[in-house]
Amino acid sequence: MTASPTVVPASPTQTSPIVHYLNGLLERFAPLEQGAVATYIPELARSDPRRFGICIATLDGAVYEVGDTHARFTIQSMSKPLTYGLALERLGREEVHRRVGVEPSGDPFNEISLNPATGTPVNPMINAGAIACAGLIAAADDDPLETLVDAYSRYAGRRLDLDEAVYRSESETGHRNRAIAHLLSSFSVLGVAADAAVDLYFHQCAVSVDCRDLALIAATLANGGVNPVSGERAVEEGVVREVLSVMTTCGMYDAAGDWLVSVGLPAKSGVSGGVFAVLPGRLGIGVYSPALDANGNSVRGIAVCRALSHDLALHLVRPGERTALPVRARHELGTLGSKRVRPAAERTALREASARAVILELQGELGFMAAEAVSRCILEASVSPELVVVDLRRVTRVDRGGADFVRAFGESLAAVGGTLVVSGAAPGLELRLPGEVMWFTDLDAALEWCEDELLRRVGHPGAPAAVPLAEHELVEGLEPDELARLQPELGTVAVGRGTLVVRTGDPADEVFLVTSGRLSVRIPGAGPEGRRLSTLSAGMTFGELAYVERGTRTADVYADTDVECRTLSYATLDRLAATDPRLYAKLLHGLARVVVVSLRRANAEVAHLTA
Ligand code: GLU
């Protein structure tokens with residue numbers, strides 16, 4: 001018999017080196033022709049042993065598939081972990097554990113291995129345990145089959161259906177499973193009639209899937225229960241660990257020990273020839289090839305999983321592995337400021353109090369390791385900080401320990417008069433912050449709040465809401481007579497809060513000297529308001545760049561409050577070059593100072609970004 005794996009039509013991922021590698025596995029293992037298709041369910045004997053498909057799905061939804069990944073087959077025992085998860089979710093651990101254990105049996109899948117003392121099945125991956133789980137669902141649900149198919153469909157990310165022929169075939173011949181159900185009934189393990197439990201079990205085994213479905217089912221388990229392509233939750237995260245643990249010790253029939261050592265991935269196989277394997281937090285694997293070894297596992301499926309684990313270093317146990325450090329960077333508020341441009345006096349005050357406010361950029365998982373690193377970072381600081389910003393933009397997940405830590409840390413900081421500020425947490429992160437913790441969606445807003453708070457704590461009087469023209473930064477160094485000559489040349493702009501004062505792309509013809517209120521310079525970007533480049537207040541200048549370039553406006557400027565500005569037109573400035581060269585030179589010098597200050601800020605930001 002010659003193997004002829006079909007290659008699925010090219011998709012963008014088909015040119016990937018991963019697809020190339022997977023095609024290599026198809027070629028390498030297609031000649032493996034040992035084993036035979038299952039025949040004890042007559043309908044399964046019709047499977048084509050040449051079928052061979054491999055699929056990998058990552059947690060960000062990339063799916064790589066080669067070979068017969070769209071050939072349909074029945075899920076068989078690969079349904080067992082899914083039903084077990086549903087039983088745990090619906091009935092709770094305690095109730096399920098009273099009826100089904102979690103110990104590996106080392107026996108064949110259809111062995112009647114019950115705990116001699118209680119009559120309960122030893123684990124949910126052997127038939128007795130799976131029938132008991134089906135019984136639990138049947139007892140708890142009005143339409144248990146629909147409930148199961150619906151749950152499996154969420155794992156696969158598409159609506160699955162039943163292969164009626166396989167169901168009938170097994171139902172007509174599955175005497176051993178019926179016997180197991182009746183035995184369980186005699187120990188009162190089933191909450192329903194034996195026939196109802198075993199019938200639901202036969203139905204669940206007959207759900208029709210393909211190799212891609214297997215990879216997505218595996219990836220959903222790897223992803224804490226959420227299908228990484230559809231984004232839909234298939235099972236509560238809280239039960240996934242138990243499902244994967246049981247798969248690790250009991251998923252591969254009597255070959256579970258060897259599997260753990262040589263492949264090292266929680267997995268489940270079925271007599272139809274499928275196997276799926278899970279690398280938690282990383283990816284899911286599905287392999288389909290119907291010829292089975294003596295243990296009832298797909299011969300090629302096992303070979304491919306071994307090769308994948310070896311070649312791609314996917315074993316669950318990774319000696320020497322070190323994940324990225326949880327604290328990516330630590331800053332003080334004096335070095336990493338908000339986009340609010342502060343007058344010189346405020347800048348000095350913030351620099352002097354810098355160590356009292358720290359910013360910790362975290363990355364990866366916020367769990368115990370991050371909690372330990374954050375607390376060490378703070379304990380080792382020379383001055384113990386009062387304001388601590390944790391920037392969670394790069395945090396992908398918060399586990400229970402991490403969330404507890406954030407809460408406890410917020411409370412203990414508040415108890416000594418400090419404040420924990422959390423910024424940038426993605427909407428899905430479950431933090432449940434206490435009232436004492438300040439919370440911002442964006443780091444810039446968090447930093448601005450901290451600056452204001454720190455200035456308040458050091459008793460800084462705060463920037464004046466209005467600055468007379470004579471004290472404006474642009475006219476610094478002008479003699480009174482020069483100022484008197486300039487004044488009549490200036491225009492006035494007074495606008496209400498929310499006004500767009502300058503629009504990107506408009507022709508530019510004047511410099512603005514802010515004399516009262518606050519404005520934000522924004523460019524299009526995240527959110528309807530765009531991205532804030534800076535916030536300017538009384539005494540500051542904008543519109544100076546276009547004087548040199550004579551172009552159009554490069555950003556929008558909005559009035560955050562009622563605002564008053566004096567304006568100096570480029571035409572006036574040009575004229576002064578001829579009529580009042582000394583005044584002109586001083587104004588040019590003023591513009592240069594403004595540019596230098598903003599360039600310094602920009603440099604500091606670049607230094608921070610490239611650090
Ligand atoms: N329906 C099959 C049986 O109970 C499932 C067995 C399996 O896939 O391991 O015999």
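Just so you know, ligand 1 is whichever comes first in the structure, and atom 1 is the first atom listed for that ligand.
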Between ligand 1 and [X], is the shortest N or O to N or O distance under 3.5 Å?
X    : value
S272 : no
S269 : no
V271 : yes

Within the 4.0 Å heavy-atom shell around [X], which atoms of ligand 1 are there?
X    : result
N177 : 3 (C), 4 (O), 10 (O)
G270 : 8 (O)
C205 : 1 (N)
N127 : 3 (C), 4 (O), 10 (O)
Q76  : 1 (N), 2 (C), 5 (C), 8 (O)
E170 : 1 (N), 2 (C), 3 (C), 4 (O), 10 (O)
Y40  : 2 (C), 3 (C), 5 (C), 6 (C), 10 (O)

Once you restrict to heavy atoms under 4.0 Å, what part of Y201 touches ligand 1? Side chain, backbone, both or neither. side chain

Qualifying salt bridge (charged side-chain N to carboxylate O under 4.0 Å, His left out) pairs with a residue from residues 134-144, counting only residues at least two apart or across chains: R90-D141

Exercise: do S169 and E43 side chains pair donor with acceptor under 3.5 Å: no

Could you verify whether a donor N or O on one side chain and an acceptor N or O on the other, from Y152 and T83, lie under 3.5 Å apart? yes

Could you tell me whether [X] and [Y] have a side-chain N and a carboxylate O separated by less than 4.0 Å?
X    : Y    : result
R99  : E94  : no
R154 : E89  : no
E172 : R168 : no

What do the steps show when you test Y288 against F73 for ring pair (Phe, Tyr, Trp, His ring centres under 6.0 Å), and what is the final call? CA-CA 9 Å; Y288 172 56; F73 51 93; 3.9 Å; yes

Residues which pass ring pair (Phe, Tyr, Trp, His ring centres under 6.0 Å) with F202, listed by chain and number, not counting sequence neighbours: none

